[in-house]
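Have a look at the structure below before the remarks.
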Amino acid sequence: MLPRLRLSFLVLTLLATPGRAFLAPPKGRAAASDRRGFAAVMEGEDISLGFDFGTSGARCAAVTASGEQVGVSELKWSCAADAADPGAWLAALDELLQGLPKRLRAMTARVCVGGTSSSCLLVDAQTGQASRATPGEGARQDSSGVRMYDWALAEDGRDVLGTQLVEEVGAVLGAACPPGHTARAGTSTLAKLVAWILEEPLGPNEVLAHQADYVAAHLWSGLDSPRAAQIAPTLLGRAQATGKASSSSSSSSSS
């Protein structure tokens with residue numbers, strides 16, 4: 001078990017990204033607007049789409065290569081639970097894409113997805129679904145299978161795992177992480193991963209994903225899917241050639 005934990009820690013450390021500021025909070029469900037006016041965007045101009053999934057809603061901004069915002073689509077979560085619901089994330093992704101003018105979508109050359117720091121879940125790599133969801137246990141903060149940024153080992157973990165297992169997680173973190181490292185925090189992704197593993201060893205198809213990774217993976221899964229087909233064929237061709245999509249968590253504490 002320990003070699004697997006060390007490998008997970010190494011991967012998480014390598015994937016840690018610098019801090020990133022949130023876009024402005026969402027102001028209205030299914031609202032769409034543009035700054036310069038998408039009709040004024042030059043033919044052949046590359047457009048980048050940036051998706052931000054936050055605690056109150058989600059937003060997609062379309063910007064030019066010079067950084068000028070030319071379109072935005074945004075929504076608020078219908079209820080607080082949506083912020084931690086993978087199904088709501090994907091429904092929002094579809095709605096945000098539909099909220100942008102078709103012409104802008106057809107000019108997309110780059111896509112980036114951002115999510116809340118250290119919000120993560122275990123995913124069945126074959127089905128793409130959260131593998132640790134516990135339907136019917138709505139009182140649990142992680143009943144959707146997601147442990148959000150504010151899931152804390154000392155509070156939420158103690159309620160779910162019990163004191164002894166929480167202490168075991170703390171011992172693993174203490175042995176694997178240098179003193180003062182953010183991964184030692186009870187809200188870190190590593191703490192959540194170790195807790196999941198000690199609850200039940202990882203299954204053969206289980207993989208760890210941050211919120212942004214999960215959304216980006218579903219955006220790109222099957223490049224001929226209706227969701228991906230809303231974006232420019234040239235972008236899909238690039239993705240097929242490189243196999244790459246961009247995702248990031250929105251804080252330096254995403255370890």
Side-chain angles (χ1 to χ4, degrees), residues 8 11-26 29 48-63 72-97 99-100 110-125 128-133 141-152 156 182-183 185-193 196 206-221 227-228 231 244-255:
S8 299
V11 171
L12 291 169
T13 301
L14 292 174
L15 290 178
T17 54
R20 173 173 300 195
F22 277 115
L23 295 169
R29 186 165 187 81
S48 299
L49 298 184
F51 292 89
D52 174 48
F53 286 76
T55 56
S56 59
R59 172 181 170 119
C60 176
V63 298
V72 63
S73 179
E74 53 191 6
L75 57 83
K76 286 187 175 180
W77 302 124
S78 59
C79 63
D82 283 354
D85 182 352
W89 302 345
L90 300 184
L93 177 64
D94 290 334
E95 187 170 342
L96 292 173
L97 282 170
L100 291 174
R110 302 169 192 84
V111 176
C112 180
V113 180
T116 52
S117 169
S118 75
S119 293
C120 58
L121 65 163
L122 292 178
V123 180
D124 185 317
Q129 302 303 310
S131 59
R132 298 292 178 102
Q141 197 257 32
D142 61 350
S143 61
S144 65
V146 179
R147 289 182 172 168
M148 291 294 287
Y149 68 97
D150 58 348
W151 187 95
D156 304 283
T182 54
T187 54
S188 74
T189 300
L190 184 59
K192 294 163 187 172
L193 174 61
W196 269 316
E206 282 193 306
V207 295
L208 176 71
H210 281 91
Q211 180 183 31
D213 300 326
Y214 182 83
V215 174
H218 276 271
L219 176 61
W220 294 108
S221 61
R227 180 179 290 128
I231 309 176
K244 294 179 180 179
S246 175
S247 62
S248 70
S249 294
S250 55
S251 169
S252 58
S253 62
S254 61
S255 52

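Since we're looking at a predicted model, the values are computed, not measured.
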>> Using the side chain to side chain donor-acceptor pair (under 3.5 Å) criterion, which residues pair with S48? Sequence neighbours excluded.
In response: none

>> Rounded at 0.5 Å granularity, tell me how far CZ in R147 sits from CG in L193.
In response: 9.5 Å

> Got a second to check how far R132's CZ is from L122's CG, nearest 0.5 Å?
Replying inline: 5.0 Å

> With side chains defined as the heavy atoms from C-beta onward, is the minimum distance between L219 and L97 less than 4.5 Å?
Replying inline: yes

> Is the side chain of K192 donor-acceptor paired with the backbone N or O of G186 at a distance under 3.5 Å, no angle test?
Replying inline: no

>> Has D82 got a side-chain atom pairing as donor or acceptor with S78's backbone, closer than 3.5 angstrom?
In response: yes

> Hey, does Q211 have a side-chain heavy atom less than 4.5 Å from the side chain of W89?
Replying inline: yes

> With no hydrogens and no angle check, do the side chains of H210 and T189 hold a donor and an acceptor under 3.5 Å apart?
Replying inline: yes

> Backbone N or O of A130 within a donor-acceptor pair of the Y214 side chain at under 3.5 Å?
Replying inline: no

> Okay, side chain of S119, backbone of Y149: is any donor-acceptor separation there less than 3.5 Å?
Replying inline: yes

>> Any heavy-atom pair between the side chains of E206 and W196 that's under 4.5 Å?
In response: no

> Closest heavy-atom contact between V123 and S131?
Replying inline: N-OG, 3.8 Å

> Do S73 side-chain atoms and L96 backbone N/O form a donor-acceptor pair below 3.5 Å?
Replying inline: yes

>> Using the side chain to side chain contact (heavy atoms under 4.5 Å, CB included) criterion, which residues pair with A83? Sequence neighbours excluded.
In response: W77

> Is there side-chain contact between P86 and V146, with at least one heavy-atom pair below 4.5 Å?
Replying inline: yes

